[in-house]
Peer 1: 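Quick one: structure below, then a few questions.
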There are 2 protein chains.
Amino acid sequence: MQAIEKLADFLRTLGNPTRLMIVKELTAGQKCVGEVENILKISQANASQHLHILKSNDIVDCIRQGTTRCYFLKDPELIQNLLKLIEQKLP
Amino acid sequence: MQAIEKLADFLRTLGNPTRLMIVKELTAGQKCVGEVENILKISQANASQHLHILKSNDIVDCIRQGTTRCYFLKDPELIQNLLKLIEQKLP
DNA sequence: ACATTTTATTCGTATATTATTATATTATGA
DNA sequence: TCATAATATAATAATATACGAATAAAATGT
């Protein structure tokens, strides 16, 4: 795939309020699906769906821990620098 | 509007291949609609529409120059730093 | 093996996004 | 004023996305 497409995919994936909130939560450390569900007050299916999209786009990964699945940022520094950069400017 | 929504809007606006290419072109300097149209080989209407979306989201602005309209990045540094940051990481 | 807990998937529906086509607007020059 | 060039807008159709409801799958403990 073209580099520009990959870049656009990355940005579009983050360009959703729910996914952005998930990612922000994950900057504080890994969370399982149920935690994301409770913190953001979204349905279990929706949490799982968004996490799947984030995983498909290589933004998060997960490990099984017993019956739960812990999701975490694949590149926390990238995400944090990105958010810092934009948040400084936007408001 | 919530900060998170603004942030998501910003990212979603950039998260489209055509708009991303437009923005990349604009990092090299301002361009009028016809130039964008020719460089990216997209229709005039499409170029104008994408530029409108970029303008609505405060990513570009424009000035009239006779019968043409020159579009330019409102914050070139932000865009350049953003692209640099991501492109370094994204393989 | 069964029940429970946690997560994933499927499906339907509503909404959003995108590109195309056609038309309108705006400024300029003859 | 009229014609032209450049850009904007509107309407449409195709596709994508988001969410909820229901169901399935996977692992654990009894």
Side-chain angles (χ1 to χ4, degrees), chain A residues 1-2 4-26 29-73, chain B residues 1-2 4-26 29-73:
Chain A
M1 184 163 46
Q2 302 290 337
I4 201 94
E5 299 270 353
K6 252 202 165 332
L7 193 48
D9 282 346
F10 176 80
L11 291 167
R12 185 165 31 76
T13 301
L14 291 179
N16 169 279
T18 302
R19 284 194 292 274
L20 203 49
M21 286 191 286
I22 292 175
V23 161
K24 278 203 163 201
E25 287 300 327
L26 295 186
Q30 62 173 32
K31 301 237 171 344
C32 69
V33 180
E35 288 177 307
V36 170
E37 178 189 344
N38 292 327
I39 293 172
L40 301 194
K41 291 163 185 20
I42 57 179
S43 73
Q44 180 272 319
N46 202 12
S48 183
Q49 286 164 346
H50 280 301
L51 285 165
H52 175 79
I53 292 171
L54 287 167
K55 188 163 183 294
S56 299
N57 285 276
D58 284 320
I59 292 170
V60 306
D61 204 347
C62 67
I63 55 171
R64 191 178 278 300
Q65 271 194 2
T67 170
T68 75
R69 241 166 225 265
C70 284
Y71 283 83
F72 53 90
L73 296 175
Chain B
M1 184 162 46
Q2 302 289 338
I4 201 95
E5 299 269 353
K6 253 203 165 331
L7 193 47
D9 283 345
F10 176 80
L11 292 167
R12 183 166 32 77
T13 300
L14 291 178
N16 169 280
T18 302
R19 284 195 293 274
L20 202 49
M21 287 191 286
I22 291 175
V23 161
K24 278 204 164 199
E25 287 299 328
L26 294 186
Q30 62 173 33
K31 302 237 170 345
C32 69
V33 180
E35 288 177 306
V36 171
E37 178 189 345
N38 291 327
I39 293 172
L40 300 195
K41 290 163 185 23
I42 57 180
S43 72
Q44 180 272 319
N46 203 11
S48 182
Q49 285 164 344
H50 280 302
L51 285 165
H52 175 79
I53 292 171
L54 287 167
K55 188 164 183 294
S56 299
N57 285 276
D58 284 320
I59 292 169
V60 306
D61 204 347
C62 67
I63 54 170
R64 191 177 277 300
Q65 272 194 3
T67 169
T68 76
R69 242 166 224 265
C70 284
Y71 283 84
F72 54 89
L73 296 176

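In what follows, chains carry the letters A, B, and so on, assigned in the order in which the sequence lines appear, proteins first and then strands, with residues in each chain numbered from 1.
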Peer 1: Touch check for A:S43, heavy atoms < 4.0 angstrom, all strands: base, sugar-phosphate only, or nothing?
Peer 2: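 A:S43: backbone/sugar contact only, no base atoms under 4.0 Å.
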Peer 1: Answer yes or no: is there an ion pair linking B:K6 with B:D9, defined by an N-O contact shorter than 4.0 Å?
Peer 2: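 No.
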Peer 1: Hey, which of these two, A:T67 or B:T67, hits DNA chain D nearer its 5' end, going by closest nucleotide?
Peer 2: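 Result of the comparison: B:T67.
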Peer 1: I want to confirm an ordering. Mapping B:G34 and B:Q49 to their closest nucleotides on DNA chain D, which one lands closer to the 5' end?
Peer 2: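 Nearer the 5' end of the strand: B:G34.
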Peer 1: Could you check whether any side-chain heavy atom of B:V36 comes within less than 4.5 Å of a side-chain heavy atom of B:E25, counting everything from C-beta outward?
Peer 2: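 Side chain of B:V36 against side chain of B:E25, heavy atoms only: no contact under 4.5 Å found.
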Peer 1: Are OP1 or OP2 of D:dT7 and a side-chain N or O of B:H52 less than 4.0 angstrom apart?
Peer 2: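 For B:H52, the contact criterion (side-chain N or O under 4.0 Å from OP1 or OP2 of D:dT7) is not met.
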Peer 1: Could you give the start and end, 5' to 3', of the contact zone on DNA chain C for chain B, using atoms under 4.0 Å from its heavy atoms?
Peer 2: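 Taking any atom under 4.0 Å from a heavy atom of chain B, the span is C:dT17 to C:dT28.
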Peer 1: Under a 4.5 Å cut-off applied to non-hydrogen side-chain atoms, are B:D61 and B:K55 in contact?
Peer 2: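 Yes, their side chains come closer than 4.5 Å.
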Peer 1: Measuring to OP1 and OP2 of D:dA8, would you say a side-chain N or O of B:R69 lies under 4.0 angstrom away?
Peer 2: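 Yes.
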Peer 1: I'd like to check B:N16 versus B:H50 (side-chain heavy atoms, cut-off strictly below 4.5 Å). Are they in contact?
Peer 2: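 In contact.
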Peer 1: Report yes or no: is there a donor-acceptor pair, N or O only, under 3.5 Å between the side chain of B:Q44 and the base of D:dA8?
Peer 2: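 Counting by modelled atom types and ignoring angles, a donor-acceptor contact under 3.5 Å is found here.
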Peer 1: Do the side-chain N or O atoms of A:R12 get closer than 4.0 angstrom to the phosphate oxygens (OP1, OP2) of D:dA16?
Peer 2: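 The answer is no; no side-chain N or O of A:R12 sits under 4.0 Å from OP1 or OP2.
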